[in-house]
Structure formats: C-alpha cells, structure tokens
K.L.:
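Structure below; questions to follow.
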Amino acid sequence: INSDKLKFTGKTDQVGSTSFSFKVFDGEYYSSTSYNVTVTVNNLNDPPTVTTSVGLLDKDIEEEAVAEFNLDDFENIFEDVDSDDQLEGIKFITLPDQILGQFKIGSSTITKNTFIPTASINSDKLKFTGKTDQVGSTTFSFKVFDGEDYSSTSYNVTVTVNNVNDAPTDITLSNMSVTENEDIGV
C-alpha cells in the first residue's frame with residue numbers, strides 16, 4: 001500500500017465486476033475475518049468511427065442532377081466498438097463547393113456544423129443538386145454521432161459533377177446575295 005492508498009485500474013475496453021478478499025494486519029496479528037471488496041468497472045463510451053469504405057459514398061452525377069444520400073449509406077459505414085451503440089446522426093464539418101451545387105435536407109439548405117439526426121436523413125434524404133453549366137469535383141466532410149460522442153475524425157466524400165452536352169443555340173442568318181468568286185464577311 002502506497003501512501004495509505006490502494007488503487008485498482010481497469011483495463012481498456014474491459015467491463016464487469018471482480019472481487020477480492022483481504023485481512024488486515026496490525027503489525028502482530030491478522031484479523032480473524034476476511035473482508036470482501038467488489039469492484040465494478042463500467043463502460044465508457046468510445047467514439048464511433050466509419051469503415052475504410054467511406055469512398056462508397058462518393059457520387060458521380062451530371063450537371064443539374066441530384067445525388068441522394070440515404071440513411072443506409074451512412075449506417076453501412078458506421079462502426080462502434082460499443083456494440084449497443086448505433087448511428088444517431090451526422091454533423092457536417094465542411095460543405096461542397098457552392099459553385100458546383102447545393103446540399104439540402106428536405107427543403108433546408110445545409111450549413112457548416114449542421115447536425116442531421118438519423119430520423120431526418122431517413123425521412124427527408126440528403127440531396128446535392130448540381131448547378132447548370134458547372135462541372136468538377138467537390139468534397140464535403142462529416143462526423144458520425146452515436147448519441148454521446150462524435151467521431152474524433154471527420155470523413156470526406158467526393159461528388160463529381162459531369163458535363164452534359166447542351167444542344168446548340170439557334171443562330172439567325174440574314175438572306176444575302178453573293179457574286180461568284182467574291183469574298184463575303186459573315
């Protein structure tokens with residue numbers, strides 16, 4: 001016993017109860033009775049993570065098209081060592097480039113640090129809509145939430161907006177007469 005203290009330290013990710021018994025000693029005699037102590041180690045919530053398959057969320061769309069992210073997309077990559085934890089929502093850390101498109105849940109535009117509960121993802125769907133004549137790749141990042149903690153790392157998803165071949169516009173030509181072997185300016 002160090003400085004009149006006896007310490008019990010639980011091991012990481014190990015929970016449950018354990019007990020030990022002891023007798024006291026006064027320098028000459030041990031107690032005739034043993035004393036029992038039970039120590040219960042309670043679970044601490046570990047932050048959730050996502051699988052290395054976060055790239056499964058990447059989307060390719062055409063300009064003006066919609067990339068939809070549903071609850072299954074996020075639940076399929078959610079991981080938590082605490083087996084009774086589940087995905088409770090996500091928090092947007094960074095947003096996609098607004099020049100390429102806009103991110104909404106239902107009719108509401110998503111802003112940085114917006115928390116979206118799973119019920120909203122399930123009912124309203126997350127949608128990125130590409131803008132007219134804007135193409136390229138953009139990313140957004142998010143953290144997952146297990147009801148107590150956010151993931152310590154944010155995860156990136158790429159949305160690629162591809163070009164759509166636009167029909168040519170009408171041009172108007174006026175009638176003109178041309179003499180053979182003569183240059184004209186148009």
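Worth saying up front: this structure is predicted, and the values here are computed from it rather than measured. In what follows, every heavy atom counts, from backbone to side chain, and hydrogens, waters and symmetry copies are set aside.
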K.L.:
Please give the remaining members of the hydrophobic cluster of Ile93, linking ILVMFWY side chains under 4.5 Å, ordered by chain and number.
P.N.:
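Direct or chained contacts put Ile93 with none.
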K.L.:
Quick one: side chain to side chain donor-acceptor pair (under 3.5 Å) pairs with a partner in residues 145-158, sequence neighbours left out?
P.N.:
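Applying side chain to side chain donor-acceptor pair (under 3.5 Å) to every pair that reaches into residues 145-158, excluding sequence neighbours, yields Asn45-Asp146, Asn45-Asp149.
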K.L.:
Should Asn76 and Leu56 be marked as a side chain to side chain contact (heavy atoms under 4.5 Å, CB included) after you check the CA-CA gap, both sets of side-chain angles, and the distance that decides it?
P.N.:
CA-CA 9 Å; Asn76 288 335; Leu56 294 174; over 6 Å; no
K.L.:
As an exercise, state the distance from CD of Glu75 to CD1 of Ile121, rounded to the nearest 0.5 Å.
P.N.:
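Taking CD in Glu75 and CD1 in Ile121, the distance rounds to 8.5 Å.
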K.L.:
Quick one: CG on Asp46 to CG on Asp82, what's the gap to the nearest 0.5 Å?
P.N.:
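Spacing of CG (Asp46) from CG (Asp82) equals 4.5 Å.
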K.L.:
What heavy-atom pair brings Asp80 and Pro48 nearest, and what distance separates the two atoms?
P.N.:
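In terms of heavy atoms, the two residues are closest at OD2-CB, 3.6 Å.
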K.L.:
Check whether any side-chain heavy atom of Leu71 lies under 4.5 Å from a side-chain heavy atom of Leu87, and answer yes or no.
P.N.:
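Yes. Closest side-chain heavy atoms under 4.5 Å.
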K.L.:
For Phe115, I'd like to know if atom CZ has over 12 heavy atoms of other residues, nucleotides or ligands within 6.0 Å.
P.N.:
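Correct, the count exceeds 12.
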K.L.:
Please list, chain by chain and in numerical order, all residues satisfying side chain to side chain contact (heavy atoms under 4.5 Å, CB included) with Phe20, sequence neighbours excluded.
P.N.:
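Side chain to side chain contact (heavy atoms under 4.5 Å, CB included) check on Phe20 returns Leu6, Phe22, Val37, Val39.
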K.L.:
In Å, rounded to the nearest 0.5 Å, how long is the span from CG of Asp85 to CZ of Phe145?
P.N.:
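Output value for this atom pair is 10.0 Å.
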K.L.:
How does the hydrophobic cluster around Val164 look, that is, which other residues are in it when side-chain heavy atoms under 4.5 Å mark a link?
P.N.:
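Members besides Val164: none; it forms no cluster.
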K.L.:
Nearest 0.5 angstrom please: Leu95 CG to Thr114 OG1, how far?
P.N.:
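These two atoms lie 7.0 Å from each other.
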K.L.:
For Phe8, what residues pass the ring pair (Phe, Tyr, Trp, His ring centres under 6.0 Å) criterion, not counting sequence neighbours?
P.N.:
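With neighbours one apart ignored, the set is empty.
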K.L.:
I want to check something: taking the side chain as every heavy atom from C-beta on, are Leu57 and Phe142 in contact at a cut-off of under 4.5 Å?
P.N.:
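Leu57 reaches Phe142 side chain to side chain.
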K.L.:
Under the side chain to side chain donor-acceptor pair (under 3.5 Å) rule, what pairs show up with a residue in residues 58-72, not counting sequence neighbours?
P.N.:
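Side chain to side chain donor-acceptor pair (under 3.5 Å) check on residues 58-72 returns Glu64-Thr132.
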K.L.:
Can you list the residues that meet the side chain to side chain contact (heavy atoms under 4.5 Å, CB included) rule with Val15, with sequence neighbours excluded?
P.N.:
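Scan of Val15 (side chain to side chain contact (heavy atoms under 4.5 Å, CB included), adjacent residues dropped) gives Asn43.
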K.L.:
By side chain to side chain donor-acceptor pair (under 3.5 Å), which residues pair with Thr40, not counting sequence neighbours?
P.N.:
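Applying side chain to side chain donor-acceptor pair (under 3.5 Å) to Thr40 gives Ser17.
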K.L.:
Distance from Ile90 atom CD1 to Thr118 atom OG1, nearest 0.5 Å?
P.N.:
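Rounded to the nearest 0.5 Å, the CD1-OG1 separation comes out at 10.0 Å.
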K.L.:
Applying ring pair (Phe, Tyr, Trp, His ring centres under 6.0 Å), can you list everything that pairs with Phe140, at least two apart in sequence or on another chain?
P.N.:
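For Phe140, the residues satisfying ring pair (Phe, Tyr, Trp, His ring centres under 6.0 Å) (neighbours in sequence not counted) are Phe69, Phe92, Phe103.
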K.L.:
Testing the basics here: between Ala67 and Ile61, what is the closest heavy-atom pair and its distance to 0.1 Å?
P.N.:
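Distance-wise, the nearest heavy atoms are CB-CG2, 3.6 Å.
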K.L.:
How would you list all residue pairs meeting side chain to side chain donor-acceptor pair (under 3.5 Å) that involve residues 88-109, not counting sequence neighbours?
P.N.:
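Every side chain to side chain donor-acceptor pair (under 3.5 Å) pair that includes a residue of residues 88-109, provided the two are not neighbours, is Gln86-Glu88, Thr94-Ser141.
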K.L.:
With sequence neighbours excluded, what pairs up with Asp26 under the side chain to side chain contact (heavy atoms under 4.5 Å, CB included) test?
P.N.:
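In terms of side chain to side chain contact (heavy atoms under 4.5 Å, CB included), with neighbours along the sequence ignored, Asp26 is linked to Glu28, Tyr29.
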